Every structure is written in structure tokens, then in C-alpha cells.
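Here the structure is a predicted model, which means the values were calculated and not measured. All chains are named by letter (A, B, ...) in the order of the sequence lines, taking the proteins before the strands, and each is independently numbered beginning at 1.
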There are 2 protein chains.
Amino acid sequence: MRLPDDAAGRQRNTRQRHAVSALLAEVNDFRTAQDLHGLLRGRGDRVGLTTVYRALQTMADAGEVDVMRLPSGEQLFRQCSRSHHHHLVCRRCGRTVEVAGPTVESWADRIASEHGFVDISHTVEIFGTCRACATG
Amino acid sequence: MRLPDDAAGRQRNTRQRHAVSALLAEVNDFRTAQDLHGLLRGRGDRVGLTTVYRALQTMADAGEVDVMRLPSGEQLFRQCSRSHHHHLVCRRCGRTVEVAGPTVESWADRIASEHGFVDISHTVEIFGTCRACATG
DNA sequence: GCGCAGATGATAATGATTGTCATCTGCGTT
DNA sequence: AACGCAGATGACAATCATTATCATCTGCGC
């Protein structure tokens, strides 16, 4: 047990991973993998699509980025605060707001316990139209 | 205005739609479209996969079936109660429990309103391991 | 500088879902 | 009971995001 995080600590510092990470920090919003790949290419960074997917997957596993899924099924990635939270998404312009939800957390846990479920996790997404889009 | 639900009331009673509907009533659980199609074929009902998808889509639009999405992105269909509710799903055996959540509903609405969002909808899924799977 | 495990990327493969389109069939009308 | 047509069907092709392959490359510890 010399290396507690043995399996996880094997990632290298590559140009590509850094590029993806930097881009996520820049566009502070949810983007698809394909989208991010396009942006990288557009700015001249030469990164393969496969690599973008892999980088995002790795970062997601490490808790460095959030993954959410659109009703259509596509997954979106974003650099988010590390703590558990959910998202409020404008279905028109895509603007997102992080929302903390102690209410839901405890509700979900309670409901699950009442039914004898253990090892609970949950997903919550809220969709709506933001003020700008509604009035514009 | 002889037909108030003009646009929606155009569905015909076909053998195929009935077969899909009957199967859903039988297996009271979430199934993929492909899965349902396989079951129909297995029992001798001759129905095209495309038609199964269309039937499910139509029924979902009409609120007759529930659609949920696995973390992997595949969508599952189930005949459910008409009222709005969410699901508690065993990640091991797939058993599902319908849960009503006035708490979340109001929470989601309140959060969204506070941020100026309108026309709110939301998705909530709770995953866990049911007692049977946890002890077994 | 060496060497190799991990990383990359062009490409093919996968797999669920949707589009196409010629044909068929409820079902209201005649 | 036959008619006609809008909606329905289904075999097949197409899409599209994501993943698998695999030969090659490169951090980075030695």
C-alpha cells in the first residue's frame, strides 16, 4: 500500500490533455466532445477526436469535469466545482446554472432508504427557458 | 371545432400498436425498444423494429408510457401511471419503483424561478442497489 | 540517453435510433 | 359492401455519437 491511488496516478502530462483542460477552463459552459474537438482544431491545436474523448473520460472519472446528458442522449462536459450539484439548463441558448440541492439529496436518500435501496446515486437536470430567451 | 384534439386524434388501431401496448402491459418493467421487438418476434408477432420505435414514440408523446434514459444513454420504455413521477432503479437487477416527489417538483420549480427561468421541466432518476441484490 | 508503459490518432466498427419510400390498411364516406 | 386516402408499416439505408483497433509515438523514471 505504498501508493494508495496506484491505479489512478498513472496519467501523464501531455500537450493534448492540457489543451482540452485549458479549453474547458476557457469556455465555462457545457460542450459536447465533438464541439470541443472542433474548437481545438479551429485554434490550431492538433488533437485527435479519440483523444478528446479519452481525456474527457479520464477527467470525468477523476471528478475534474462534470458530465451531463441531454434529453436527446448526447453527453456534455464542463469544468465544474468539485462538490456535488445539479444543473439548470436553458433549452434555448444552453446557458447553465449550477444549483446546489440539499433538498433533493436528502429526499433521494430518504426515498431510496424507505424502499430498502443502498449505495444511492442520482441524476437531476432541470430544463427551462431563461429570462433573456423568454423575453427576447 | 368538431374535433378538439384534431391533430392528435389520428391514430389508428393497428395490430402492431396493440401488440406493443399489450406487451408493455404484460412486462411491467422498463425495456429497451430492441428488447421489446425481440420479445414480440419471439412470441410470433410479426412487427418491424421501426414500427416498435414509432409506436413507443407515439405512446410516449401521448403520455401512455414513460421514457427514461440509462446513464449509458439508451432509452427505456415502460407503461406507467399517468401522473408525473420519477424512478428508483436497482442498478443490479433493474427492478424499478415509481416514486412520487412533490418535494422535488416544488424544489425544481422554485430554483428555476429564482433564476428567472420559465417553462420548467426536469428529469430525476435515482439509482441504487435493492435489498435483494445487496444481501444476495 | 534508454526503455517502456501509457498516450496518441487515423481508421474502422459498433449500436441505437431515425430517414426513406414503396406498399399496405384502418376507417369514414359513398 | 366497395372506395379512397391519410396514416401506418417495414425492409433497408443512413446518421451520429461513441468506442475499439493497432501501429506509432512520447513522457518520464532510471
Asks: Salt bridge check: are B:Glu26 and B:Arg43 linked by an N-O gap of less than 4.0 Å?
Replies: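 Between B:Arg43 and B:Glu26 there is a salt bridge, with a charged N closer than 4.0 Å to a carboxylate O.
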
Asks: Distance from A:Ile126 atom CD1 to A:Cys90 atom SG, nearest 0.5 Å?
Replies: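 With rounding to 0.5 Å, CD1 (A:Ile126) is 13.5 Å from SG (A:Cys90).
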
Asks: Could you tell me the separation between the CG atom of A:Leu36 and the CG atom of A:Asp45, rounded to the nearest 0.5 Å?
Replies: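 Reported value, rounded in 0.5 Å steps: 12.0 Å.
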
Asks: Using a 4.0 Å heavy-atom cut-off to protein, can you give one letter per nucleotide of nucleotides 18-30 of chain D, 5' to 3': B if the base is in contact, S if only the sugar-phosphate is, - if neither?
Replies: BBB-----BBS--

Asks: Roughly how far, to the nearest 0.5 Å, is OG1 of A:Thr96 from CG of A:Asp29?
Replies: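 Between A:Asp29 CG and A:Thr96 OG1, I get 4.5 Å after rounding to 0.5 Å.
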
Asks: NE2/A:His84 to CG/A:Asp66 distance, rounded to the nearest 0.5 angstrom?
Replies: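 Atom-to-atom, A:His84:NE2 and A:Asp66:CG are 9.0 Å apart.
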
Asks: Considering only heavy atoms from C-beta outward, does the side chain of A:Phe77 approach that of A:Val52 to under 4.5 Å?
Replies: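 The answer is no, as the side chains (C-beta and beyond) never meet within the 4.5 Å cut-off.
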
Asks: Can you tell me the distance, in whole Å, between the CZ atom of A:Arg41 and the P atom of C:dG9?
Replies: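 Interatomic distance, CZ of A:Arg41 to P of C:dG9: 8 Å.
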
Asks: Does C:dT8 have its OP1 or OP2 closer than 4.0 Å to a side-chain nitrogen or oxygen of A:Arg17?
Replies: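 A:Arg17 to C:dT8 OP1/OP2: side-chain N or O found under 4.0 Å.
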
Asks: Using 30° and 60° as the class boundaries, would you call the ring planes of B:His122 and B:His86 parallel, tilted or perpendicular?
Replies: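 Tilted: the ring planes of B:His122 and B:His86 meet at 30° to 60°.
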
Asks: Going by heavy atoms closer than 4.0 Å, what residues in residues 58-66 of chain A are next to DNA chain D?
Replies: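 Contacts with DNA chain D under 4.0 Å: none.
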
Asks: Just how far, in rounded Å, is C1' of D:dT9 from NE2 of B:His18?
Replies: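 Result: 18 Å.
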
Asks: Please round to the nearest 0.5 Å and tell me the distance separating atom CZ of A:Arg46 and atom CG of A:Leu40.
Replies: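 Rounded to the nearest 0.5 Å, the CZ-CG separation comes to 12.0 Å.
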
Asks: Report the distance from atom NE2 of B:His37 to atom P of C:dT18, rounded to the nearest whole Å.
Replies: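 Atom-to-atom, B:His37 to C:dT18, this comes out as 15 Å.
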
